[in-house]
Amino acid sequence: MKYTEVMVRYGELSTKGKNRKDFIGRLAGNVTKVLRDFPQVRIYPRHDRMHIVLNGAPFEEIDKRLKKVFGIQTYSPTIKVPKTLADIEKISLEMMQETFKDGMTFKVNTKRSDHQFKYDTNQLNSMVGDYLFDHMDNLKAEMKHPDMVLRIEVRQDAIYISNQLLHGVGGMPVGTGGKAVMMLSGGIDSPVASYLALKRGVDIEMVHFFSPPYTTEKALAKAKELTGILANYAGRINFIAVPFAEIQETIKEKIPEGYLMTVQRRFMLQLADRIRAKRGSMAIFNGESVGQVASQTLESMFAINDVTTTPVIRPVATMDKTEIIDRARKIGTFELSIKPFEDCCTIFAPPRPKTKPKVEKARKYEERLDAEGLIQRAMDGIKVTPIYPNQKFLEDKAQEDADLL
Ligand code: ATP
Ligand code: MG
């Protein structure tokens with residue numbers, strides 16, 4: 001079917017006035033970003049819906065992108081036709097023949113914003129319905145729960161006909177929820193937490209701790225590539241790499257084994273908070289899930305969270321591992337997350353971390369370290385890279401390695 005336009009219906013848009021404007025403006029910007037490589041496409045954000053005029057761009061490709069844009073409730077590919085009955089009938093028949101399968105029920109649903117048009121909605125519904133019955137076999141009309149609805153919209157400039165109603169991902173356009181930093185590891189949970197933050201409209205920047213030479217280039221590339229998958233939902237995400245080896249070495253040397261993990265996590269959170277402040281963000285997100293491992297008991301979270309009063313938001317806090325895995329599969333991060341490139345936490349993980357660390361003890365042990373100097377040097381080493389949808393980092397690396405041989 002050669003669709004000419006996509007009609008987009010907005011998601012959670014209960015708000016009015018300025019917020020509504022912001023919602024629609026951000027959504028239009030985000031759609032523009034994901035369709036950037038189709039320069040012929042034109043986007044017209046209106047008060048109640050958005051029209052995407054394809055100008056020859058293939059709907060199948062556009063469809064794949066729109067499925068990942070937060071703030072879209074439903075959308076319909078349409079064909080624009082001149083305002084004559086003959087044109088309406090011709091395209092309606094083509095659309096029905098395309099979609100209809102034997103035994104399906106259908107109805108014609110007409111809407112009219114041009115009230116000067118010579119037929120009203122009831123007349124159009126029955127005329128088009130009759131025409132379809134005359135030209136197709138085994139049609140069955142059904143008013144309450146039809147399998148398919150042929151939608152006809154009579155507007156001022158033309159008539160728009162559609163045979164599909166597709167579901168978007170819902171949520172809020174990225175950017176309407178403010179800015180935050182996201183602590184992204186190479187694991188399963190933090191990519192899912194990232195997706196959920198984006199879904200609420202939060203514009204995230206990734207903070208990733210890496211520890212060369214204890215962790216490989218591959219571990220870093222993996223975290224970047226995960227960001228590339230998530231960038232499908234955001235258009236672009238900044239990736240902030242933070243060198244963490246010196247901190248880990250120092251902690252390992254000076255802190256009792258039972259507190260290695262707690263103190264490492266306290267440093268990570270402090271660094272994430274410094275970066276947050278520097279980048280003008282309002283919150284820190286992470287992928288912790290209550291009770292999943294020793295560092296994620298409530299006692300542990302309490303002892304770690306002690307280093308900041310900034311909101312630390314944990315989107316997967318109450319999800320079961322199986323639920324998180326299901327979601328990771330759906331958003332396309334699971335296969336990459338389970339690739340075994342160890343990140344900085346697994347390398348320095350103590351065999352028996354305390355499940356009930358004490359805040360006072362953690363603070364006291366930290367006095368043995370030059371915390372400010374360590375943090376400052378890590379901050380001096382951060383590197384920010386913008387990452388775009390589906391950008392690859394692991395393959396390139398493999399290719400480079402192969403070239404070197
Ligand atoms: P994940 O699946 O996200 O790795 P996890 O269940 O393996 O989580 P941990 O490895 O203990 O749990 O990490 C808990 C959270 O701490 C992560 O979800 C992430 O937000 C943050 N984190 C852990 N390691 C790093 C890292 N190297 N860089 C940035 N954040 C990290
Ligand atoms: Mg992990």
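Keep in mind that what you see is a predicted model, and the values were worked out from it rather than measured. The figures that follow rest on heavy atoms only: side chains count, while hydrogens, waters and symmetry mates do not. Just so you know, ligand 1 is whichever comes first in the structure, and atom 1 is the first atom listed for that ligand.
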K321: salt bridge (charged side-chain N to carboxylate O under 4.0 Å, His left out) partners, not counting sequence neighbours |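 K321: salt bridge (charged side-chain N to carboxylate O under 4.0 Å, His left out) contacts with D189.
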
Within-cut-off N or O pair, [X] and ligand 1, under 3.5 Å:
X	result
G186	no
F285	no
V293	no
G287	yes
I188	yes

Show me which atoms of ligand 1 lie under 4.0 Å from any heavy atom of [X].
X	value
D189	1 (P), 2 (O), 3 (O), 5 (P), 6 (O), 8 (O)
V207	29 (C)
G187	1 (P), 2 (O), 4 (O)
N286	20 (O)
Q296	5 (P), 6 (O), 9 (P), 11 (O), 12 (O), 13 (O), 14 (C)

Taking NZ, NE, NH1 and NH2 as the nitrogens, is one of them in E360 or K358 under 4.0 Å from a carboxylate oxygen of the other?
-> no

May I ask you to check if R112 and F117 form a cation-pi contact, with NZ or CZ under 6.0 angstrom from the six-membered ring centre and within 45° of the axis?
->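 No cation-pi geometry.
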
Determine the sole option in N163, T78, D63 for which the side-chain hydrogen bond (donor to acceptor under 3.5 Å, both in side chains) test with Y3 is passed.
-> N163

Quick one: which of Q264, M182, R265, M261 has a heavy atom closest to atom 23 (C) of ligand 1?
->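 Of the listed residues, R265 has the closest heavy atom.
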
Which distance, rounded to the nearest 0.5 Å, do you find between the CZ of R151 and the NZ of K107?
-> 8.5 Å

By side-chain contact (heavy atoms from CB on, under 4.5 Å), which residues pair with R26, not counting sequence neighbours?
->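 Per chain and number, R26 pairs via side-chain contact (heavy atoms from CB on, under 4.5 Å) with D22, P173, T176.
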
Test M379 against every option in L271, V242, L374 by the side chain to side chain contact (heavy atoms under 4.5 Å, CB included) rule and name the one that passes.
->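 The single option meeting the side chain to side chain contact (heavy atoms under 4.5 Å, CB included) with M379 is L271.
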
So, Y233 versus Y195, ring centres under 6.0 angstrom or not?
->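 Centroid distance Y233-Y195: below 6.0 Å, so yes.
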
